[in-house]
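To find a chain, count down the sequence lines: A is the first, B the second, and so on, and within it residues start at 1. In this text, all values refer to a predicted model and were calculated from it rather than measured experimentally.
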Protein chains: 2
Amino acid sequence: MQFDDKVPIYYQIKQYVYQQIITGKWQPGTQLPAVRQLAVELTVNVNTVQRALRELIAAQILISKRGKGNFVTTDQTTLATLADQLVQDRLGAVYDDLRALNLTDQQIITAMQTYIEKRGRQDEHDFND
Amino acid sequence: MQFDDKVPIYYQIKQYVYQQIITGKWQPGTQLPAVRQLAVELTVNVNTVQRALRELIAAQILISKRGKGNFVTTDQTTLATLADQLVQDRLGAVYDDLRALNLTDQQIITAMQTYIEKRGRQDEHDFND
DNA sequence: ATGAGTGTAATAGATAACTATAACACTAGG
DNA sequence: CCTAGTGTTATAGTTATCTATTACACTCAT
């Protein structure tokens, strides 16, 4: 996995776990890959994986069973809130940034639409290459 | 200034300088505050300011005149490109993130519109408090 | 009981970022 | 010439992150 060296790896691993859960790759209640296995897959140290998981366990996103493994929570409320929270946080961050660059609300929406249209054409083009 | 401890301060200072320029607070050709002054304003060390400025100078965004000061470039092309580049990079980042969270293009646009509407109401409410 | 597979934790060393401090280089005005 | 104001650089010490390694704690099948 490619990490952005501007932000701590353990922090990016947390985001990675969120994505696996929200996209359904790791279903509620299912067991995660072993920490040593995750460390190999992410080409990272076990301690770094553990640091990320520790915070997710504290947040009840994951359930840790010593000697057995780590599991995705089955608490539907937690999972539903998580997905919405991640999206809202992301939107809030980009909104603040673009406002700080002097864009109006309408310009932000238009810029996003234009970006997606352009991006769609590019992806299609790349696909046909 | 409040910094996010998840990303290097010198990197955030670069973003700060971009904002000052793009929002017109620092006009093309004008002199920046002295590095020691900036360090005080940002409550940061001179070396950290200098590290940020060094990269901006290398990118020709700023012009350094030893013994005189640092100045915003007057190259209109550079400035126009810069503003557009920052917006596009920001949009690209949030787009990738939201796609990774399984949102469709249309859902991204809708979520952004909804967020801005909600945010607008909240700001208005806060303002009247 | 033993061993394989799991999570958890501690140590020591490396590196990057940041700080405080000092020094050096250049410009302009008196 | 000298001084104040500017950018630039270097050193040393601190902290956070990450790594490698080792050890410990628990579960389960045999």
Trainee: Whole Å only: how far is the CZ atom of Phe3(B) from the P atom of dT19(C)?
Mentor: 9 Å

Trainee: Separation of Asn47(A) atom CG from dT17(D) atom P, in whole Å?
Mentor: 14 Å

Trainee: Taking atom P of dT8(C) as reference, at what distance in whole Å does atom NZ of Lys65(A) sit?
Mentor: 13 Å

Trainee: Would you please confirm or rule out a distance under 4.0 Å between OP1 or OP2 of dT17(D) and any side-chain N or O of Tyr10(A)?
Mentor: yes

Trainee: Does the salt bridge (charged side-chain N to carboxylate O under 4.0 Å, His left out) test come out yes or no for Asp105(A) and Arg99(A), once each step is laid out?
Mentor: CA-CA 8 Å; Asp105(A) 286 355; Arg99(A) 291 286 295 184; 3.2 Å; yes

Trainee: Rounding to an integer number of Å, can you tell me how far Asn45(A) CG sits from dA10(C) P?
Mentor: 15 Å

Trainee: Please determine, for the side chain of Val35(B), which listed nucleotide (dT27(D), dT19(D), dG7(D)) has the closest atom?
Mentor: dG7(D)

Trainee: Expressed in angstrom and rounded to an integer, what is the separation of Tyr11(A) atom OH from dA16(C) atom C1'?
Mentor: 20 Å

Trainee: Is Lys68(A) close enough to dC26(D) that one of its side-chain N or O atoms is under 4.0 Å from OP1 or OP2 there?
Mentor: no

Trainee: For Arg36(B), answer base if it contacts any base atom (sugar-phosphate contacts may also be present), sugar-phosphate if it contacts only those atoms, and nothing otherwise; contact means non-hydrogen atoms under 4.0 Å.
Mentor: base

Trainee: Starting at the 5' end of DNA chain D and moving along, which residue's nearest nucleotide shows up first, Ile57(B) or Lys6(B)?
Mentor: Ile57(B)

Trainee: What is the distance, rounded to the nearest whole Å, between atom NZ of Lys14(A) and atom P of dC18(D)?
Mentor: 12 Å

Trainee: Would you indicate which nucleotide in dC18(D), dT11(C), dT8(C) comes nearest to any side-chain atom of Val46(A)?
Mentor: dT8(C)

Trainee: For the side chain of Ser64(B), counting heavy atoms from C-beta on, which of dT21(D), dA17(C), dT8(D) is nearest?
Mentor: dT8(D)

Trainee: As a test of reading the structure: which of dT8(C), dA20(C), dC18(D) is closest to the side chain of Asn70(A), going by heavy atoms?
Mentor: dT8(C)

Trainee: Using a cut-off of strictly less than 4.0 Å, decide whether Arg51(B) has a side-chain nitrogen or oxygen near OP1 or OP2 of dA17(C).
Mentor: yes

Trainee: Could you please spell out the steps behind the side chain to side chain donor-acceptor pair (under 3.5 Å) verdict for Gln19(B) and Gln15(B)?
Mentor: CA-CA 6 Å; Gln19(B) 287 180 10; Gln15(B) 307 302 313; over 6 Å; no

Trainee: Please give me the minimum heavy-atom distance between Val35(B) and Gln50(B), naming the atom from each residue.
Mentor: CG1-OE1, 3.6 Å

Trainee: Counting heavy atoms from C-beta on, name the nucleotide in dT8(C), dC18(C), dC28(D) closest to the side chain of Ile9(B).
Mentor: dC18(C)

Trainee: Heavy atoms from C-beta onward define the side chain here; which of dG7(C), dA17(C), dT19(D) lies closest to that of Ala34(A)?
Mentor: dG7(C)

Trainee: Please tell me which of Gly69(A) and Thr48(B) maps to the more 5' nucleotide of DNA chain C, matching each residue to the nucleotide holding its nearest heavy atom.
Mentor: Gly69(A)

Trainee: Write down the distance between CZ (Arg54(A)) and P (dT17(D)), rounded to a whole number of angstrom.
Mentor: 11 Å

Trainee: Okay, side chain of Gln12(B), backbone of Val7(B): is any donor-acceptor separation there less than 3.5 Å?
Mentor: yes

Trainee: Does atom OH (Tyr11(A)) have a neighbourhood of more than 12 heavy atoms from anything else shown, all under 6.0 Å?
Mentor: no

Trainee: Figure out the CG/C1' separation between Leu56(B) and dG7(D), and round it to whole Å.
Mentor: 15 Å

